[in-house]
Amino acid sequence: MNNKEYIKLILKSKLADFSNIKGFMILRPYGYKIWENIKNILNKMLIKTKHQNVYFPLLIPKKLFFTESNHIKNFSKECAIVTHSKFLIKNNKIIVDPSSKLKEELIIRPTSETIIWNTYKKWIQSYRDLPILINQWSNVVRLELKNKIFIRNSEFFLQEGHTAHKNKKEAIKEINKIKILYKKLIKNYLSIPYISGLKSNYQKFSGAEYTYSFESLTNNGKCLQLATIHFLAKNFSKAFNVTFTNKKGIKKYVWSTSWGVSTRLIGAIIMIHSDKNGLILPPKIAPIHIVIIPIIKKKKYIKKINIFVKKLKIILKKFNIKYDNNLYKTPGNKFYKYEKIGVPIRITIGKKEIKKNNIEITRRDNFKKYYYKINNKLYKKISNILNKIQKNIYKIAKNKMKQNIFIINNYKTFKKIIKKKGGFIISNWDNKKSTELNIKNDTKATIRCIINKKIKGKCIYTGNKSYKKVVFGKSY
């Protein structure tokens, strides 16, 4: 799927639209519902693991934002900054009132670590105040130079967890817990296969000791980061002087983590699961599970079909059902519409179905058809079909990913594959930033994650001794 096809599909399926501000998308009802479904699934997991939702301000004072020196290295290049508070109308022109210049500029939130850790200073005094396990569903602004709707937006929705702990062991336990949650979300609900591992020091989150990443592969061979988990150690607690008194009465710095996913997940679903007919949505996050389309040749049958559908909807009431009885569009037009937006199951009903008391079911993932009687067993049968779709689209995506994973030891071959095919390239790396940057400058490929620290070999670029296998790939 090239960029034009990707954008065309988003617009035609009414997931999102472009606003008149570059990089700022409009999330339409269908796209927003997909995000809501993802949000609700993950939110239930987080609540079950004793995380609590909070909300912090959108604006961060500049002084706070620059408190942790490593944190600002990347984010300072993409900040939106509020400098004034008023407009004037002068000579029929609207201008910024120079007298309203703020004493301190405000950063529009690109991420929330700084404002949260400034607050933790008030909240944490004793070991009894720990751990703090909070999560925020927010929107953030990062002014990207290159924009790609859902993938790289200047504004997007973000789930960001921020936790505080009394020791390293507890913080690592939190990281392992979030790994499990993200694995479950990505594989079981989004049906997306992935490779995961640590980021290189160059690629890790600014201000983190290390970053753990989940990486996917899209249909055109490019890599896409799905989720990240950051071990912040004591970096932010030291920067903001957040300490607690332990059981022995000794003051200690707090240990911390942060982690997140975003609306980029919708872009991943589009670019991994779509086919030539449009979207294919995993049933567990689809806004509509079933569309019912009447096959009507004469208007007099519509009342009979309506009664028939009413009975059907009672049996299938636990599913999200769309009954499209619009008489102004042909069944063919409707088939095209719901295939394009990725509705997992289509049910068609006509005169024959009413006579035989059965329905025709078509799967969106492979267009396989089933014919079932309407009875009490129907709910279970359709549940089984939805489960099969969920598993099948994961299987298809995993097979595609496997076909595009290459273990390469020769740099010439490395460059050839990156240029022509893309994909995940597994090679040895000598753990030097200069090597990583040279490969990036030469091929545009970056280290997506480190998958093994103990395998001996020779670096793909320098030929130096290497003890790390890493995954290279081109990203958006």
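All residue numbers refer to positions in the sequence shown, counting from 1. Worth saying up front: this structure is predicted, and the values here are computed from it rather than measured.
The closest side-chain donor-acceptor pair between K199 and Q225 falls under 3.5 angstrom. Looking at T228 and S213, their side chains never bring a donor and an acceptor atom within 3.5 Å of each other. No side-chain donor from either of K22 and N147 sits under 3.5 Å from a side-chain acceptor of the other. Donor-acceptor pairing under 3.5 Å is recorded for the side chains of S112 and Q136. In the model, N53 has a side-chain atom that pairs as donor or acceptor with a side-chain atom of N43 under 3.5 Å. Judged by distance alone, the side chains of K33 and N320 never bring a donor and an acceptor atom under 3.5 Å apart. Under 3.5 Å, the side chains of S200 and E436 contain a donor-acceptor pair of N or O atoms. Counting only N and O atoms by type, the side chains of T257 and W259 include a donor and acceptor under 3.5 Å apart. A donor-acceptor pair shorter than 3.5 Å can be found between the side chains of E160 and S138. Donor-acceptor pairing under 3.5 Å is recorded for the side chains of H51 and E174. A donor-acceptor pair shorter than 3.5 Å cannot be found between the side chains of E144 and N153. Using modelled atom types, one finds no donor on one side chain facing an acceptor on the other under 3.5 Å when comparing Y194 with E215.
Between L42 and the choices L265, N37, L185, N135, the side-chain contact (heavy atoms from CB on, under 4.5 Å) rule is met once, by L185. Here the options are E209, H230, E113, the test is side-chain contact (heavy atoms from CB on, under 4.5 Å), and the partner is N235; only E209 passes.
Taken to the nearest 0.5 Å, the CG atom of L59 stands 12.0 Å off from the CD1 atom of I81. To the nearest 0.5 Å, atoms CZ (F56) and CD1 (I116) are separated by 4.5 Å. Here the CD atom belonging to E5 is positioned 4.0 Å from the CG atom belonging to N2, to the nearest 0.5 angstrom. To the nearest 0.5 Å, the span separating CD1 on I292 from OG1 on T348 amounts to 10.5 Å. Here the CD1 atom belonging to I359 is positioned 10.0 Å from the OG1 atom belonging to T362, to the nearest 0.5 angstrom. The structure places CG of L27 at 14.5 Å from CZ of F24, a figure rounded to the nearest 0.5 Å.
Listed by chain and residue number, R346 satisfy the salt bridge (charged side-chain N to carboxylate O under 4.0 Å, His left out) test with E339 (two or more places apart in sequence, or in another chain). Listed by chain and residue number, D365 satisfy the salt bridge (charged side-chain N to carboxylate O under 4.0 Å, His left out) test with R363 (two or more places apart in sequence, or in another chain). The salt bridge (charged side-chain N to carboxylate O under 4.0 Å, His left out) check on K204 picks up nothing, with sequence neighbours excluded.
Here the side chains of I389 and I345 are in contact, with some heavy-atom distance below 4.5 Å. Inter-residue side-chain proximity for I295 and I305 is flagged as unmet; no heavy-atom pair is nearer than 4.5 Å. When side chains are defined from C-beta on, S258 does not count as touching F236, because their heavy atoms never get closer than 4.5 Å. Residues N333 and F335 fail the side-chain proximity criterion, which asks for heavy atoms closer than 4.5 Å. At a threshold of 4.5 Å between non-hydrogen side-chain atoms, the residues L15 and I149 do not count as touching. Taking the side chain as every heavy atom from C-beta outward, I115 and P57 approach each other to under 4.5 Å. When side chains are defined from C-beta on, F150 counts as touching Y6, because their heavy atoms get closer than 4.5 Å. Proximity of I34 to L281: side-chain heavy atoms (C-beta onward) are separated by under 4.5 Å at one or more points.
The two residues E105 and T83 have their closest heavy-atom pair at CG-CG2, 3.8 Å. Across every non-hydrogen atom of C223 and L217, the tightest pair is SG-CD1, 4.0 Å. Across L106 and P61, no two heavy atoms sit closer than the pair CD2-CA, 3.9 Å. The minimum heavy-atom distance between M401 and I195, with the atom names listed, is CE-CG1, 4.4 Å. A pairwise comparison of heavy atoms in N219 and S274 identifies ND2-O, 3.5 Å as the closest pair. A pairwise comparison of heavy atoms in D324 and K337 identifies OD2-NZ, 4.4 Å as the closest pair.
Figure legend: K381 and Y370 shown without cation-pi pairing, the cationic atom not lying both under 6.0 angstrom from the six-membered ring centre and within 45 degrees of its axis. For K222 and Y476, the positive end sits near the middle of the six-membered ring, less than 6.0 Å away and at most 45° from its axis. Y323 does not carry K313 over the face of its six-membered ring by the limits of under 6.0 Å from the centre and within 45° of the normal.
Ring pair Y379/F319: centre-to-centre distance below 6.0 Å. Between F472 and F414, the ring centre distance stays below 6.0 Å. Taking the six-membered ring where the residue is Trp, the centroids of Y120 and W117 are separated by under 6.0 Å. Between F214 and Y212, a ring centre-to-centre spacing shorter than 6.0 Å is recorded.
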Is there a side-chain contact (heavy atoms from CB on, under 4.5 Å) between T211 and I229 once you walk through the steps? CA-CA 6 Å; T211 292; I229 304 169; over 6 Å; no
Please evaluate residues W429 and I450 with respect to the criterion side-chain contact (heavy atoms from CB on, under 4.5 Å), reporting the C-alpha separation (whole Å), side-chain torsions for both, the decisive distance (0.1 Å), and the verdict. CA-CA 9 Å; W429 168 57; I450 300 163; 4.2 Å; yes
Y394 vs I192, side-chain contact (heavy atoms from CB on, under 4.5 Å): CA-CA, chis, key distance, verdict: CA-CA 6 Å; Y394 175 79; I192 294 176; 5.9 Å; no
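No more than 12 heavy-atom neighbours from other residues, nucleotides or ligands sit within 6.0 angstrom of CG on N376. In this structure, K187 places its NZ atom where only 12 or fewer heavy-atom neighbours from other residues, nucleotides or ligands lie under 6.0 Å away. Within a 6.0 Å sphere centred on CG of L327, other residues, nucleotides and ligands contribute more than 12 heavy atoms. The 12-atom threshold is not exceeded at CD1 of I407, counting heavy atoms of other residues, nucleotides or ligands nearer than 6.0 Å. Heavy atoms from other residues, nucleotides or ligands lying under 6.0 Å from NZ of K400 number more than 12. Within 6.0 Å of atom NZ in K183, more than 12 heavy atoms from other residues, nucleotides or ligands are found, so the atom counts as buried in its surroundings. K369 NZ: more than 12 foreign heavy atoms inside a 6.0 Å radius. In the displayed structure, K351 atom NZ is contacted under 6.0 Å by at most 12 heavy atoms of other residues, nucleotides or ligands.
Looking only at distances, no side-chain donor or acceptor of R364 sits under 3.5 Å from a matching main-chain atom of V343. Not a single donor-acceptor pair under 3.5 Å links the side chain of K311 to the backbone N or O of I374. The backbone N or O of P283 sits less than 3.5 Å from a side-chain atom of H289, completing a donor-acceptor pair.
One finds no salt bridge joining E78 and R152 here, because no Lys/Arg side-chain nitrogen approaches an Asp/Glu carboxylate oxygen to under 4.0 Å. Salt-bridge check for K39 with E36: failed, with every basic side-chain N at 4.0 Å or more from each acidic carboxylate O.
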